[in-house]
Amino acid sequence: MIIFEATQRTKIGTQYSRFIRRKENKIPAIIYGFKKYKPTLLIFLKHNNFLNYQITKEFGIKPLCIILKKKKYLVKIQEIQRHAFKLKILHIDFLYISGDFKNF
């Protein structure tokens with residue numbers, strides 16, 4: 001299973017997302033699909049780590065584990081927005097999968 005470290009986003013908006021993509025080389029992402037009592041999570045991932053993951057055979061098939069504030073979230077990729085002609089990822093949508101995190 002592939003594991004990614006994430007940091008939580010506090011600010012939202014196009015200008016802030018562009019700044020983070022350019023200066024810190026991170027991808028804005030969102031985790032949704034929780035039950036009604038949990039809000040969606042806005043996160044950042046390291047761009048180069050995720051770009052290298054795309055080369056593997058498991059890309060898009062196996063679920064991912066995202067660690068955010070010492071909590072593990074089992075997710076699958078719902079949608080990836082890419083730049084038109086550069087090898088850049090602009091945004092990722094993850095769908096939360098309910099599961100048992102004791103096996104990690």
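Because the structure is a prediction, the values reported are computed rather than measured.
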> Who passes side chain to side chain contact (heavy atoms under 4.5 Å, CB included) against K86, sequence neighbours left out?
H83, K88
> Using side-chain hydrogen bond (donor to acceptor under 3.5 Å, both in side chains) as the criterion, list what pairs up with R18, not counting sequence neighbours.
none
> To the nearest 0.5 angstrom, please state how far the NZ atom of K46 sits from the CG atom of N25.
10.0 Å
> Does L95 belong to the same Ile/Leu/Val/Met/Phe/Trp/Tyr cluster as I2, with side-chain heavy atoms less than 4.5 Å apart forming each link?
no
> List, by chain and then residue number, the residues other than L90 in its hydrophobic cluster (Ile/Leu/Val/Met/Phe/Trp/Tyr, side-chain heavy atoms under 4.5 Å); write none if there are no others.
none
> According to side-chain hydrogen bond (donor to acceptor under 3.5 Å, both in side chains), who are the partners of N49, at least two apart in sequence or on a separate chain?
none
> Y32: which residues meet the ring-ring contact (aromatic ring centres under 6.0 Å, His included) condition with it, sequence neighbours left out?
none
> Which Ile, Leu, Val, Met, Phe, Trp or Tyr residues join I20 in one cluster when any pair of side-chain heavy atoms under 4.5 Å counts as a link?
Y16, F19, F44
> Distance check, rounded to the nearest 0.5 Å: I66 atom CD1 versus F94 atom CZ?
4.0 Å
> Identify, with sequence neighbours excluded, every residue that meets side-chain hydrogen bond (donor to acceptor under 3.5 Å, both in side chains) alongside E79.
none
> With E5, which residues qualify under salt bridge (Lys or Arg N to Asp or Glu O under 4.0 Å), at least two apart?
none
> Report yes if the side chains of L68 and L41 come closer than 4.5 Å at any heavy-atom pair, otherwise no.
yes
> Yes or no on side chain to side chain contact (heavy atoms under 4.5 Å, CB included) for F59 and I77, after CA distance, side-chain angles and deciding distance?
CA-CA 9 Å; F59 179 70; I77 299 170; 3.7 Å; yes
> To the nearest 0.5 Å, what is the distance between CD1 on I97 and CG on L74?
5.0 Å
> With sequence neighbours left out, what residues match I12 under side chain to side chain contact (heavy atoms under 4.5 Å, CB included)?
L42
> State which residue, out of I89, D93, I27, fulfils the side chain to side chain contact (heavy atoms under 4.5 Å, CB included) condition with I80.
I89
> What residues form a side-chain hydrogen bond (donor to acceptor under 3.5 Å, both in side chains) with K69, not counting sequence neighbours?
Q8
> At what distance, to the nearest 0.5 angstrom, does CG of L87 lie from NE2 of H47?
8.0 Å
> Restricting to non-hydrogen atoms, name the atom on R9 and the atom on P28 that form the minimum distance, rounded to 0.1 Å.
NH1-CB, 3.7 Å
> Please list all pairs meeting salt bridge (charged side-chain N to carboxylate O under 4.0 Å, His left out) that have one or both residues in residues 19-33, counting only residues at least two apart or in different chains.
E24-K26
> Compare every heavy atom of I43 with every heavy atom of I30, then report the nearest pair and how far apart it is.
N-CG1, 4.4 Å
> Ring-plane angle category for F4 and Y53, please: parallel below 30°, perpendicular beyond 60°, tilted otherwise.
perpendicular
